[in-house]
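On a predicted model such as this, the values are computed, not experimentally measured, just so you know. Computed from heavy atoms alone, side chains included, the values below leave out hydrogens, waters and symmetry copies.
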Amino acid sequence: MPRHSPASPLLSLPGAVPAEAPDEGVAAHYGDLFREQRALADGTGFVDLSHRGVISVTGPERLSWLHLLITQHVSELPPGQATEALILSAHGHIEHALYLVDDGETTWMHTEPGNQEALIAYLESMKFFYRVEVADRTDEIAVVHLPAGSITEVPEGLVVRENPHGRDLFLPRADLEGFAAAHGPAIGILAMEALRVEAHRPRLGLETDHRTIPHELGWIGTAVHLQKGCYRGQETVARVHNLGKPPRRLVFLHLDGSEVHLPPHGTPVRLASEGEEGRQLGFITTSVRHYELGPIALALVKRNVPVDAQLMAGGTAAAQEVVVEP
């Protein structure tokens with residue numbers, strides 16, 4: 001079984017409601033989901049991501065070594081520049097998603113909760129004679145997310161991974177409660193998930209299954225560099241990019257707001273015209289309630305589903321917007 005990080009001490013804050021899988025260990029919300037979403041969209045507060053796995057890679061050859069293993073071009077990654085990358089199977093299927101930054105001496109990355117052990121095992125198996133050291137830092141380092149537009153001053157000495165969606169701080173786990181007291185309000189993971197779905201951003205284990213390739217989710221360009229050298233799975237990436245189309249595509253769905261319950265992950269997606277007995281064309285990957293848009297979702301559907309087709313997620317009507325072109 002994957003080893004998850006310790007439960008966050010911030011679960012003791014007033015109003016904290018524990019999150020469910022895959023985000024056990026942190027708060028889903030602190031009592032007011034829509035207020036927390038608005039705060040995050042306005043650039044205030046922070047999100048406790050201390051349940052995510054944290055890995056460090058040290059050694060003089062760390063960047064050139066990582067460059068050989070991942071989908072991103074990192075051999076000359078400048079200190080402080082954030083990037084994201086995937087590790088693929090030999091057939092090009094997504095196995096790991098990494099969110100990286102290098103501080104000039106160490107490459108830091110965070111990954112999905114409980115995924116760090118499998119990722120470290122793979123990295124260790126690929127060390128060979130390279131001068132690198134890989135370490136699980138999850139027990140001592142927590143990730144905290146500051147949203148885009150936040151004016152919070154980062155404590156001195158922290159590693160910061162800044163990107164268009166905000167800043168990820170690699171914070172000593174022992175400092176988490178003090179950080180919360182100084183830089184609140186704390187915002188739950190559900191608010192961050194709602195803004196993620198709104199921005200059409202995929203997440204490993206939710207938008208992916210055992211056969212997902214990067215093209216299906218729009219990860220080409222952001223996590224996959226098309227002009228770099230060989231890495232495992234590159235043949236599939238190049239072939240699909242140059243010669244074909246992926247078998248499925250990510251879509252954004254506006255769900256019928258009159259329904260009480262959101263369709264959970266895995267709910268079948270069908271043509272509305274065929275009803276609940278029609279052919280399954282895909283499945284819901286993430287569904288959320290958004291403070292402005294109402295119930296929305298991401299789904300993975302067959303590429304040939306017409307872009308103007310009205311869909312159904314289980315028994316819920318759904319209107320689609322294109323994320324990945326068919």
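One distance of note links CG of L66 with CG of L98; it measures 8.0 Å at 0.5 Å rounding. For the atom pair CD1 of I120 and OG of S56, the computed distance is 8.0 Å after rounding to the nearest 0.5 Å. Here the CG-CG distance, from D168 to L158, works out to 12.0 Å after rounding to the nearest 0.5 Å.
Using a 4.0 Å cut-off between charged nitrogen and carboxylate oxygen, E216 and R303 do not count as a salt-bridge pair. E133 and K127 are joined by a salt bridge, as a carboxylate oxygen and a charged side-chain nitrogen come within less than 4.0 angstrom of each other. For E162 and R167, the salt-bridge test fails: no basic side-chain N is under 4.0 Å from an acidic carboxylate O. In this structure, D209 pairs ionically with R248, as a charged nitrogen and a carboxylate oxygen lie closer than 4.0 Å. Using a 4.0 Å cut-off between a side-chain N of Lys or Arg and a carboxylate O of Asp or Glu, E276 and R270 do not qualify as a salt bridge. The pair D102-R161 does not count as a salt bridge, with every side-chain nitrogen at least 4.0 angstrom from each carboxylate oxygen. Between E207 and R201 no salt bridge is recorded (no basic side-chain N to carboxylate O distance below 4.0 Å).
Side-chain contact between V160 and F170: absent, with no pair of heavy atoms (C-beta onward) separated by less than 4.5 Å.
The number of heavy atoms from other shown groups lying within 6.0 Å of OH (Y130) does not exceed 12. Annotation: K228, atom NZ; neighbour count of heavy atoms from other residues, nucleotides and ligands within 6.0 Å is above 12. Atom CD of E105 is surrounded by 12 or fewer heavy atoms from other residues, nucleotides or ligands within 6.0 Å. Other residues, nucleotides and ligands contribute more than 12 heavy atoms inside 6.0 Å of the CG atom of L243.
Between H91 and H93, the two ring planes are tilted [angle within 30° to 60°].
Ring-centre distance between F46 and H183: not below the 6.0 Å cut-off.
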